Novice: 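My questions all concern the structure below.
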Amino acid sequence: MRGLGWAGVLTLCGGAPALAQTATLPPIEVTAPAQAPAAASERELTREELAARPIARIGEVLEATPGLIVTQHSGEGKANQYFLRGFNLDHGTDLAITLDGMPVNMRTHGHGQGYADLNFIIPELLGGLRVRKGPYFADEGDFATAGALNLGLVDRLDRALVQATVGSFGYWRGLAAGSAPLGAGTLTAAGEAVAYDGPWQRGDALARLNGLLRFTQGTAEDGFSLTGMAYTSHWRSTDQVPARAVSAGLIDRFGTLSPTDGGKAERFSLSGRWAGTGDYGTTSLSAYAIRSTLSLYNDFTYFLDDPENGDQFNQRDRRWVWGGELAHRIPWQAFGRAAETRFGVQARFDEIRLGLFRSAGRALLAPVREDRVSQQSVGLFAETTVRPTPWLRATAGLRGDWMGGRVRSDTAENSGSAGEWMFSPKGGLVLGPWWGTEFFLNAGMGFHSNDLRGATIRVDPTDRLTPLSRVPLLVRAKGAEIGVASRAIPGLDTRLAVFVLTLGSEILFVGDAGTTEASRPSRRIGVEWTNDWRPLPWLGLEADIAVTRARFSDAPGPGRHIPGAPNFVASAGVTVDDGLGWFGALRLRWFGARPLNEENTARSRDTALVNARAGYRFTNGVQAVLDVFNLFDSKASQIDYWYASRLPGEPAEGVADRHFHPVEPLAVRFTLAAQF
């Protein structure tokens, strides 16, 4: 294949095991050059590294990022929940995710700021993952504070693929994908169908369809691609439930108090990328158009707000997103050595229709608020890297962002316009290598955006009378990191990073509204240690540990803990793969206990999960894979919250309680695939 190219992914090679949802990886060929890391925590993960991981849902492929937890608190059609560097990122706040240059995070979203749904991705077509943590990179903008994850797509499959998967709790998946020459380029097509009920007493009844059509020509430096994607899904959901309802025997761990919760989502996109290289460097251009719709029915508090009809509500988000990037990279000489400057402009336009309605059994009762939002942003960036000596690499960058727009609300007082500029300097030093070891120092500023409606609001939309305070549209983040990366021991890549990150305003989940809102300023200090050891060509060993202290920073006292902020994450894995014949993997993921309220008087429990895989590759291109999830049948939680809800017969003010979504019990999936 001509390079994953402008997605900036490392050189890949064929022959690794497939994703847990997949049975095989059609081989590809990549010519894109590797990019030297600018921070100790920056990583380039290949297609094979992603594919070697047993995953139960597409979002879990991101757990290849050291220290990242991907979980779910609702039905499988909904965006995942993310945790990284002491953040409960909800559905994507403070973690920028892109696919082939398209943003996944949605601003001013009906369910939560930064909502990032990965269910439209077909995992077999992922080409790699670039991991960046912290606000140190000039070309990363909104949400890129805790980190930025850039997924790439393959440009060509050398062999067609057909596969089928069946598994526990009504799981079924079918996939067909292949590439063919078309003119001077290559056309790739893929289709996926998924059905799943899950262990819930009222099954998810998930039905998902994905399709992709992609044309590529040329190389990463001189070529282009055009990609169309389509996704539709509908499901029922069992959301988090109060622990007291399970203890009292009102429901089972896998039961529900609101059996009509669920949703429907659709996403259609067209994107293109072009690059050309001449005497004065390389120019790249990308553009995208996205149509996205979502309708969610949730009930988190039961009879707290409406004792007669219940507290179910419907959130709607329908939007068009247009945008792109124009960038230029100039190689030049400084101090008699190679240097590089990259600069560019990024733009994004969102046209959004939002609705929040009270409902009962999915029947709409009354509107809470309806809004039309036009939101725009422009980002300018420049970054230069020089090598004044053989052992020193220095990078300096500057980013300027303007974001603004207009809200047209059904409550006139909440309509209006807002706009704001923010400038973010960045810098980094890399010393070495000495004996296969490099030292890194990084610092920078970044930002995340708040919901535009919060920047124009004046009164509570519930009663349309109570005055409310506005929040800033852009929130400053400041971060620094010191790290070391070493390959002094043959086959071992070990990295240690110590970081600090402050935010002008935390974004927190609000249980009784099912959304997020701006909160207090915060500070995080942490350390990450990652290890990847390949003692033999067919054996891989991994171990990662992340420890973080996260606190609100505006006042002393006991109420400084950030609800949901993880302070300990660890993972370990063993991968065995020698090409044809047997292969396998075993992975442990440890998600540490977390404070559930600001006083730290309520805490979650630890969650430790082990997934396993065994497979066999035949010489005729057929492959069989058995994946086992939650191998030891842990009874832990996927996620925990602490808030007040009300069951029938309880006091009008409700009862504060731990609300949890259990991990799925032991499950198996068997995949059979053929390449031809």
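Bear in mind the structure is a predicted one, so any value in this text is a computation, not a measurement.
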Novice: Could you tell me whether Arg53 and Glu60 make a salt bridge, using a distance below 4.0 angstrom between a side-chain N and a carboxylate O?
Specialist: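 No, no charged N to carboxylate O under 4.0 Å.
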
Novice: Is it possible for you to check whether Arg617 lies under 6.0 Å from the centre of the six-membered ring of Phe583, through NZ or CZ, and within 45° of that ring's axis?
Specialist: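 Pair Arg617/Phe583 counts as cation-pi.
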
Novice: Between His448 and Phe143, is the gap from one ring center to the other below 6.0 Å?
Specialist: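 No; Phe143 has its ring centre 6.0 Å or more from that of His448.
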
Novice: Minimum heavy-atom separation for Phe591 to Val569, with atom names?
Specialist: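 Heavy atoms only, the tightest pair is CD1-CG2, 4.3 Å.
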
Novice: Classify the side-chain pair Thr108/Gln375 by whether it contains a donor and acceptor separated by less than 3.5 Å.
Specialist: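 A pair is found: one side chain offers a donor N or O, the other an acceptor, under 3.5 Å apart.
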
Novice: State whether Arg594 and Asp640 are salt-bridged, where the test is any N-O pair (Lys NZ or Arg NE/NH1/NH2 against Asp/Glu carboxylate O) under 4.0 Å.
Specialist: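 Result for this pair is yes, salt bridge flagged.
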
Novice: Backbone N or O of Asp627 within a donor-acceptor pair of the Arg613 side chain at under 3.5 Å?
Specialist: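 No, because the side chain of Arg613 does not come within donor-acceptor range (under 3.5 Å) of the backbone of Asp627.
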
Novice: Apply side chain to side chain donor-acceptor pair (under 3.5 Å) to residues Arg267 and Ser269 and explain how you reach the verdict.
Specialist: CA-CA 7 Å; Arg267 184 188 186 279; Ser269 66; 3.1 Å; yes

Novice: Quick check: does any side chain N or O of Thr530 sit under 3.5 Å from a backbone N or O of Pro66, one acting as donor and the other as acceptor?
Specialist: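 Answer holds: no.
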
Novice: Of the non-hydrogen atoms in Tyr115 and Ala79, which two are nearest, and what is the gap between them?
Specialist: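 Heavy atoms of Tyr115 and Ala79 come nearest at OH-N, 3.1 Å.
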
Novice: Taking all atoms of both residues into account, what is the closest heavy-atom pair of Gly75 and Ser237, and its distance?
Specialist: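 Residues Gly75 and Ser237, closest heavy atoms: N-CB, 3.2 Å.
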
Novice: Which pairs pass salt bridge (charged side-chain N to carboxylate O under 4.0 Å, His left out) with one or both residues in residues 313-324, sequence neighbours excluded?
Specialist: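 Pairs touching residues 313-324 that pass the test: Asp317-Arg319, Arg319-Asp350.
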
Novice: Could you tell me if Tyr288 and Glu325 have a donor-acceptor pair between their side chains, going purely by distance under 3.5 Å?
Specialist: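 Not at all, the side chains of Glu325 and Tyr288 share no donor-acceptor pair under 3.5 Å.
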
Novice: Would you say CZ of Arg353 has more than 12 non-hydrogen atoms from neighbouring residues, nucleotides or ligands within 6.0 angstrom?
Specialist: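 No.
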
Novice: Looking at every non-hydrogen atom in both residues, tell me the closest pair between Glu49 and Leu45 and how far apart they are.
Specialist: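 Minimum heavy-atom separation between Glu49 and Leu45: OE1-CA, 3.3 Å.
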
Novice: Salt bridge between Arg214 and Asp155, side-chain N to carboxylate O under 4.0 Å?
Specialist: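 Here Arg214 pairs with Asp155 in a salt bridge, since their nearest N and O are under 4.0 Å apart.
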
Novice: We want to know whether Asp239 and Ser74 form a side-chain donor-acceptor pair, criterion being a heavy-atom distance below 3.5 angstrom.
Specialist: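 Per modelled atom types, Asp239 and Ser74 side chains form a pair under 3.5 Å.
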
Novice: Is it the case that Thr238 and Thr256 place a side-chain donor and acceptor less than 3.5 Å from each other?
Specialist: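 Their side chains do not contain a donor-acceptor pair, so the 3.5 Å distance test is not met.
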
Novice: Please determine if Asp299 and Arg358 form a salt bridge, counting it only when a charged side-chain N lies under 4.0 Å from a carboxylate O.
Specialist: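 No, Asp299 and Arg358 are not salt-bridged.
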
Novice: Got a second to check how far Tyr171's OH is from Asp204's CG, nearest 0.5 Å?
Specialist: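 So the gap between those two atoms works out to 12.5 Å.
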
Novice: Is it the case that the ring center of Phe300 lies less than 6.0 angstrom away from the ring center of His659?
Specialist: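 Not close enough - the centres of the two rings lie 6.0 Å or further apart.
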
Novice: Dump the intermediate steps for ring pair (Phe, Tyr, Trp, His ring centres under 6.0 Å) on Tyr641 and Phe660, then the final yes or no.
Specialist: CA-CA 6 Å; Tyr641 300 97; Phe660 72 98; over 10 Å; no

Novice: I'd like to know whether Phe349 forms a ring pair (Phe, Tyr, Trp, His ring centres under 6.0 Å) with Trp322, so could you lay out the CA-CA distance, the side-chain angles of the two residues, the decisive distance to 0.1 Å, and finally the verdict.
Specialist: CA-CA 5 Å; Phe349 309 88; Trp322 302 274; 7.7 Å; no

Novice: Are the side chain of Arg362 and the backbone N or O of Thr260 linked by a donor-acceptor pair below 3.5 Å?
Specialist: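 Between the backbone of Thr260 and the side chain of Arg362 there is a qualifying donor-acceptor contact (under 3.5 Å).
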
Novice: Please answer whether the main-chain N or O of Lys78 pairs with a side-chain N or O of Gln72 as donor and acceptor at a distance below 3.5 Å.
Specialist: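 Side chain of Gln72 to backbone of Lys78, a donor-acceptor pair under 3.5 Å: yes, one is there.
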
Novice: Please check this pair: side chain of Asp117 against backbone of Asn119, looking for a donor-acceptor N/O pair closer than 3.5 Å.
Specialist: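 Present.
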
Novice: Does this structure show an ion pair linking Glu664 with Arg57, if we count only N-O contacts that are shorter than 4.0 Å?
Specialist: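 Looking at Glu664 and Arg57, the cut-off is met.
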
Novice: Please confirm whether the backbone N or O of Leu161 pairs with a side-chain atom of Gln675, one donor and one acceptor, at under 3.5 Å?
Specialist: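 Between the backbone of Leu161 and the side chain of Gln675 there is no qualifying donor-acceptor contact (under 3.5 Å).
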
Novice: Going by ring-ring contact (aromatic ring centres under 6.0 Å, His included), name the residues that satisfy it together with Tyr616, two or more places apart in sequence or in a different chain.
Specialist: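 Tyr616 satisfies ring-ring contact (aromatic ring centres under 6.0 Å, His included) with Trp582, Phe618 once adjacent residues are dropped.
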
Novice: Tell me if a side-chain donor or acceptor on Thr98 pairs with a main-chain N or O of Gly101 at a distance below 3.5 Å.
Specialist: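 No: the side chain of Thr98 does not pair with the backbone of Gly101.
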
Novice: Just checking, any donor-acceptor pair under 3.5 angstrom between side chains of Gln312 and Asp261?
Specialist: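 Judged by distance alone, the side chains do pair up.
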
Novice: Answer yes if the side chains of Asn314 and Ser359 hold a donor-acceptor pair under 3.5 Å, and no otherwise.
Specialist: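 There is no such pair between these side chains.
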
Novice: Could you measure the distance from the CD atom of Gln638 to the CG atom of Asn80? Nearest 0.5 Å is fine.
Specialist: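 Reported to 0.5 Å precision, the distance equals 9.0 Å.
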
Novice: Rounded to the nearest 0.5 Å, what separates atom OG in Ser292 from atom CH2 in Trp320?
Specialist: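 Answer rounded to 0.5 Å: 11.0 Å.
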
Novice: Mark yes or no for whether Arg47, through its side chain, and Leu129, through its backbone, hold a donor-acceptor pair below 3.5 Å.
Specialist: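 Side chain of Arg47 to backbone of Leu129: no pair is present.
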
Novice: Taking Gly92's backbone N and O only, do any of them form a donor-acceptor pair with Asn105's side chain (distance below 3.5 Å, no angle check)?
Specialist: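 The answer is yes, because a donor-acceptor pair under 3.5 Å joins these two groups.
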
Novice: Determine, for Arg587 against Glu542, whether the closest basic-nitrogen to carboxylate-oxygen distance falls under 4.0 angstrom.
Specialist: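 Salt bridge: yes.
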
Novice: Met229 vs Phe120, test: side-chain contact (heavy atoms from CB on, under 4.5 Å). Steps then yes/no.
Specialist: CA-CA 8 Å; Met229 304 182 74; Phe120 69 96; 3.7 Å; yes

Novice: At what distance, to the nearest 0.5 angstrom, does CG of Leu84 lie from CG of Leu95?
Specialist: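 Output value for this atom pair is 6.0 Å.
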
Novice: For residues Asp100 and Thr227, determine if any side-chain heavy atom of one lies less than 4.5 Å from a side-chain heavy atom of the other.
Specialist: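 Counting from C-beta outward, Asp100 and Thr227 do come under 4.5 Å.
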
Novice: Using a 4.5 Å cut-off on heavy atoms from C-beta on, say whether the side chain of Leu62 contacts that of Leu149.
Specialist: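 Leu149 reaches Leu62 side chain to side chain.
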
Novice: What distance do Ser271 atom OG and Leu226 atom CG have between them, rounded to the nearest 0.5 Å?
Specialist: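 It is 7.0 Å, given to the nearest 0.5 Å.
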
Novice: Provide the closest heavy-atom pair for Asp633 versus Leu666 in the form atom of the first, atom of the second, distance.
Specialist: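 Shortest heavy-atom contact: OD1-N, 3.1 Å.
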
Novice: For the residue pair Trp172 and Ala193, what are the closest heavy atoms and their distance?
Specialist: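 Smallest interatomic distance, heavy atoms only, reads CZ3-O, 3.5 Å.
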
Novice: Ignoring hydrogens and angles, tell me if any N or O in the side chain of Lys133 forms a donor-acceptor pair with the backbone of Val131 under 3.5 Å.
Specialist: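 Between the backbone of Val131 and the side chain of Lys133 there is no qualifying donor-acceptor contact (under 3.5 Å).
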
Novice: Is there a side-chain contact (heavy atoms from CB on, under 4.5 Å) between Val373 and Leu354 once you walk through the steps?
Specialist: CA-CA 8 Å; Val373 178; Leu354 299 161; 4.0 Å; yes

Novice: In plain terms, say whether Arg130 and Glu140 are close enough for a salt bridge, that is, a side-chain N and a carboxylate O under 4.0 Å apart.
Specialist: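 Answer for the salt bridge query: yes.
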
Novice: Measuring from Asn611:CG to Phe632:CZ, what's the distance to the nearest 0.5 Å?
Specialist: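 One gets 10.5 Å once the value is rounded to the nearest 0.5 Å.
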
Novice: Is the ring pair His73/His111 parallel, tilted or perpendicular, if the boundaries are 30 and 60 degrees?
Specialist: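 Parallel: the ring planes of His73 and His111 meet at under 30°.
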
Novice: Might you work through the side-chain contact (heavy atoms from CB on, under 4.5 Å) test for Asp252 and Val246, ending with a clear yes or no?
Specialist: CA-CA 6 Å; Asp252 180 85; Val246 177; over 6 Å; no

Novice: Between Thr216 and Ser225, does a side chain to side chain donor-acceptor pair (under 3.5 Å) hold up when you go through it step by step?
Specialist: CA-CA 4 Å; Thr216 60; Ser225 70; over 6 Å; no

Novice: Hey, are Thr671 and Thr165 close enough side-chain-wise for a donor-acceptor pair under 3.5 Å?
Specialist: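 Side chains of Thr165 and Thr671: pair found under 3.5 Å.
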
